[in-house]
Amino acid sequence: MLILLAFIIVFHITSAALLFISTIDNAWWVGDNFSTDVWSMCVTNNRSCMAITDQFSEYQSIQAVQATMILSTIFCCVAFLVFILQLFRLKQGERFVLTSVIQLLSCLCVMIAVSIYTDRHEELHKSSEYSFAVSEGQYGYSFVLAWIAFAFTLISGVMYLVLRKRK
């Protein structure tokens with residue numbers, strides 16, 4: 001039982017780490033000499049970055065992605081704290097339903113964020129506010145990590161729903 005508990009904790013911490021990395025790191029859309037994410041666009045050859053502001057035509061879409069990724073990360077961290085509290089407060093045989101609901105909310109937020117970015121990426125990267133053509137890029141590792149975090153949060157949310165507290 002202790003091994004299962006350790007696995008669940010490591011799995012949850014991995015999910016949170018994936019969410020933090022995918023939200024913070026600048027690699028949602030990459031090209032030969034640039035990388036961009038939901039916060040800024042950076043040119044790699046002269047190491048300069050430009051913040052994505054409300055001058056961009058698709059700024060509302062970017063803000064929606066930013067908000068849902070932040071919410072997802074917060075929900076994942078709160079779910080971990082609730083899980084730790086429920087370890088000590090639940091009676092034997094009860095399920096971790098509250099932890100599961102919060103983790104599934106995190107999963108939903110990640111799915112919304114990456115779905116919006118996937119749907120709107122053409123309009124986002126054809127914006128004339130960029131200093132050069134970023135539409136020639138491809139999805140970066142932060143975008144892939146966000147999809148992996150979606151899968152991890154979904155699995156852990158279902159795992160908490162099935163899990164019962166034992167001695």
Item to check | side chain to side chain contact (heavy atoms under 4.5 Å, CB included) assessment of V30 paired with Q138 | outcome: CA-CA 5 Å; V30 295; Q138 59 195 17; 4.1 Å; yes

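- Between W29 and Y139, a ring centre-to-centre spacing shorter than 6.0 Å is recorded.
- Minimum interatomic distance between A146 and V110 (heavy atoms only, all atoms of both residues): O-CG1, 3.2 Å.
- In this pair, Y117 and F143 present their aromatic rings tilted. The plane angle is within the 30 to 60° band.
- Across V101, I8, L87, a single residue satisfies side-chain contact (heavy atoms from CB on, under 4.5 Å) together with F96, and that is L87.
- Just one residue in the list S106, S22, S15 forms a side chain to side chain donor-acceptor pair (under 3.5 Å) with S72, and that residue is S106.
- By the criterion of side-chain heavy atoms lying less than 4.5 angstrom apart, applied directly or through intervening Ile, Leu, Val, Met, Phe, Trp or Tyr residues, L85 is not grouped with V97; the two fall into different hydrophobic clusters.
- Put simply, CD1 on I21 and OG on S142 are 8.0 Å apart, with the number rounded to the nearest 0.5 Å.
- When hydrophobic clusters are built by joining Ile, Leu, Val, Met, Phe, Trp and Tyr residues whose side-chain heavy atoms come closer than 4.5 Å, directly or via intermediates, M50 is grouped together with W28.
- If you chain together hydrophobic residues whose side chains sit under 4.5 Å apart, I148 and F11 fall into the same group.
- Here the options are F83, Y160, F152, the test is ring pair (Phe, Tyr, Trp, His ring centres under 6.0 Å), and the partner is H12; only Y160 passes.
- Residues F7 and L5 are members of one and the same hydrophobic cluster, defined by side-chain heavy-atom contacts under 4.5 angstrom among Ile, Leu, Val, Met, Phe, Trp and Tyr.
- Here the side chains of I112 and L71 are not in contact, with every heavy-atom distance at 4.5 Å or above.
- The CG atom of L81 sits 10.0 Å away from the SG atom of C76 when rounded to the nearest 0.5 Å.
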Item to check | side chain to side chain contact (heavy atoms under 4.5 Å, CB included) evaluation trace for W147 with T118 | outcome: CA-CA 11 Å; W147 274 114; T118 302; 4.1 Å; yes

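- Minimum heavy-atom separation, T23 to V38: O-CG2, 4.4 Å.
- Annotation: the span from F20 atom CZ to M69 atom CE amounts to 10.5 Å, rounded to 0.5 Å.
- To the nearest 0.5 Å, atoms CG (L104) and CZ (F75) are separated by 11.5 Å.
- One finds the OG1 atom of T36 at 4.0 Å from the CD1 atom of I52 (value rounded to the nearest 0.5 Å).
- With hydrogens and angles disregarded, no donor-acceptor distance shorter than 3.5 Å links the side chain of D37 to the backbone of A27.
- With rounding to the nearest 0.5 angstrom, the CG atom of L108 is 8.5 Å from the CZ atom of F150.
- Under the 4.5 Å side-chain heavy-atom criterion for ILVMFWY residues, no single connected hydrophobic cluster contains both L154 and V10.
- Shortest non-hydrogen contact noted between Q103 and A79 is OE1-CB, 3.4 Å.
- Summarising the local packing, CG of D32 is surrounded by 12 or fewer heavy atoms from other residues, nucleotides or ligands at distances under 6.0 Å.
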